[in-house]
Amino acid sequence: MSASDQAQQGRRLDRVRPREQAAIGRQAATGRGWGWVLPTLSGIGGLLLWELAVHGLELPSYLLPAPSEVALVMVEKWRLLLDQLVYTAFAAAVGFVIALAISLGLGAMIAASPAVERVLYVWLVVFHAIPKVVVAPLLLVWIGFGLKSSIIFVVVFTFFPMLVNTVAGLRSADPDLLLLARSMGGSSWHILRKIRIPSAMPSIISGIKISITLAPLGAVIGEFVASNKGLGHMLIQSVGSLEVPVAFAAVTVVSVLGILVWYLAEFVERITIPWHASQRGRSGSES
Amino acid sequence: MSEIVVQSVERTYRSGGRAVHALGPVSMEFEAGRTTTIVGPSGCGKSTLLRILGGLDRPSAGQVLVRGQPVGERMDGIGVVFQRDLLLDWRNILDNVLLAAEMKGLPRRAVEPRARALLDELGVGDFADRSPWELSGGMRQRVAIARALLCEPWLLLLDEPFSALDAMTRDQMGVLLQQVQQTAKTTAVLITHSIPEAVFLSDRVLVMSGRPGVILDDIAVDLPRPRTLALREEPEFAAIVRRIRVQFERSGVLA
Ligand SMILES: Nc1ncnc2c1ncn2[C@@H]1O[C@H](COP(=O)(O)OP(=O)(O)O)[C@@H](O)[C@H]1O
Ligand SMILES: [Mg+2]
């Protein structure tokens with residue numbers, strides 16, 4: 001992978017840059033004072049409309065349950081939902097951490113050595129080209145039902161954006177800055193620690209933000225196929241037995257998990273790179 | 001004997017099968033404690049020469065001797081200021097200055113008082129705890145100068161340090177640099193595009209031709225120090241400026 005290829009790949013992934021989405025969201029949210037009114041009204045209004053439509057058209061709940069029914073299910077089955085949530089979140093978290101470790105290690109090796117890059121490049125391209133969802137059934141064959149399969153699927157599903165961004169980040173250090181560091185008599189180790197790694201952080205954090213939101217999704221998809229527990233399994237099973245309100249409850253919980261993970265990513269960004277242009281002047285950041 | 005001797009140095013860059021002869025051959029000597037300025041058209045190899053002087057790049061031919069010894073891979077005791085201040089956003093101002101010591105593995109305790117003193121001397125002492133992005137361009141460049149001076153270099157290399165600044169800030173910085181040099185007496189090599197700035201700051205001006213750069217003229221500037229900005233109106237000053245300009249006109253750099 002040449003440097004420019006890498007940069008391009010980084011850019012392609014950047015198109016869905018969460019930071020920009022966050023910035024847009026932030027602007028809307030801080031529309032000072034009454035900014036929350038419209039979104040809230042819109043949310044409540046939508047739910048009301050849905051509720052009325054279901055009752056008015058007399059839709060059976062196996063087609064479309066009313067929000068009130070879903071809420072009822074969530075209250076009734078809260079214990080079960082919580083168990084599944086913990087199970088899925090655990091698979092997502094463990095898988096994500098493993099993927100992070102792999103991409104940091106592999107990314108550092110690729111950034112440091114063109115030879116390693118040349119050896120790995122073709123495999124990474126092939127790997128990236130394979131639709132991950134197709135791999136899930138194979139995991140079932142190779143590893144069987146259970147947590148292990150989900151975790152491995154999360155790893156497979158999330159490590160690529162972090163790897164690409166780690167490599168791009170480690171290569172992004174300003175050449176003049178490296179020259180300056182050398183003029184100061186800096187050893188490679190000092191330059192890595194004090195220049196290269198901090199320069200790479202914004203890019204690495206970008207990758208983490210993409211991957212961390214993919215992690216719960218990966219866990220759920222893994223559970224569709226190769227699990228008899230978790231929110232994904234619950235979803236598939238309830239749809240299969242036409243318990244659609246339960247499926248809606250599971251979807252709701254998955255979404256809540258996604259939102260929590262998003263804020264977690266924002267938090268991590270704020271504490272790791274408070275100096276970055278995207279973070280300056282944000283509440284909660286020092287300086 | 002001169003502190004730095006440059007002997008028939010050339011530099012050719014090779015990239016993608018093409019070779020760019022960027023510099024030389026040039027030969028010159030630099031006296032200890034003096035400020036020499038290099039002026040020349042863009043792309044003539046000035047930055048290349050500066051990097052070679054600092055041991056940051058190797059000549060394709062010829063050699064550089066420092067106090068009689070050939071310059072090797074790594075050279076100690078140089079301070080560099082570039083056109084861009086290259087302050088690190090993740091460090092506050094004081095820590096940016098201290099980077100010069102940390103890179104050498106020196107304990108920051110030992111140099112922190114000097115860092116603060118330098119920031120004071122350069123007029124940015126009150127900003128030690130601020131972040132780089134809170135400072136103006138001129139202030140940032142003062143910090144970059146403090147960083148270059150922190151470890152008391154014997155050689156100061158300045159590659160268009162004021163080019164990105166507005167005219168007034170630029171004049172201020174020139175006066176400031178002269179003050180600093182008055183006490184530090186470091187051997188300094190400065191690159192600039194401004195002929196008046198070159199004359200104002202230096203003991204000697206080297207005029208370079210277009211690429212590949214060679215030395216067209218070597219002009220001593222024997223104007224008294226400390227100099228004030230008013231000196232620029234004096235006839236001696238104007239004469240030197242004219243001499244450099246004529247060199248450029250004759251070589252077709254300035255039409
Ligand atoms: N790293 C490099 N690789 C290839 N060519 C270079 C490199 N650095 C400089 N050059 C070329 O060498 C010439 C001199 O460059 P430089 O020393 O930066 O000039 P100056 O500082 O006088 O403007 C230019 O033509 C430039 O394109
Ligand atoms: Mg230059």
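Residue numbering restarts at 1 for every chain, and letters A, B, ... go by the order of the sequence lines. Side-chain atoms are counted along with the backbone in the values below, which use heavy atoms only and exclude waters and symmetry mates. All values reported here derive from a predicted model rather than from experimental measurement.
No more than 12 heavy atoms of other residues, nucleotides or ligands lie within 6.0 Å of CZ in F267(A), so this atom counts as exposed by the packing criterion. Counting heavy-atom neighbours within 6.0 Å of F90(A) CZ, excluding the residue itself, gives a total of 12 or less. Other residues, nucleotides and ligands contribute only 12 or fewer heavy atoms inside 6.0 Å of the CZ atom of R196(A).
Summarising the geometry of W133(B) relative to P274(A), their closest heavy-atom pair is CH2-O, 4.4 Å, with the distance given to 0.1 Å.
In this structure, the separation between CG on L179(A) and CG on L56(B) is 4.5 Å, given to the nearest 0.5 Å. Rounded to the nearest 0.5 Å, atoms NE2 (H190(A)) and CG (L99(B)) are 10.0 Å apart. We find the CG-CZ distance between D176(A) and R84(B) to be 5.0 Å, quoted to the nearest 0.5 Å. Atom CZ of F82(B) is separated from atom CG of L180(A) by 6.0 Å, given to the nearest 0.5 angstrom. Atom-to-atom distance recorded for L155(B):CG and S183(A):OG is 10.5 Å, nearest 0.5 angstrom. Between the CZ atom in R182(A) and the CD1 atom in I78(B) there is a gap of 9.5 Å [rounded to 0.5 Å].
Interface residue S199(A): backbone and side-chain heavy atoms are both found under 4.5 Å from chain B. Using a 4.5 Å cut-off between heavy atoms, D89(B) touches chain A through backbone and side chain atoms alike. Within the 4.5 angstrom heavy-atom criterion, no atom of R130(B) approaches chain A. Contact annotation for L157(B): neither backbone nor side-chain heavy atoms come within less than 4.5 Å of a heavy atom of chain A. Only the side chain of L88(B) comes within contact range of chain A, with at least one heavy atom under 4.5 Å from a heavy atom of that chain.
A 4.5 Å side-chain heavy-atom check between P132(B) and W275(A) finds every atom pair outside the cut-off. Taking 4.5 Å as the limit, some side-chain heavy atom of M103(B) sits within range of a side-chain heavy atom of I195(A).
With respect to chain A, the highest number of heavy-atom pairs below 4.5 Å among L150(B), D129(B), N92(B), V80(B) belongs to V80(B). Between chain B and the residues G186(A), A181(A), S187(A), the most heavy-atom pairs under 4.5 angstrom are made by G186(A).
In this structure, K194(A) contributes its side chain and E102(B) its backbone to no donor-acceptor pair below 3.5 Å.
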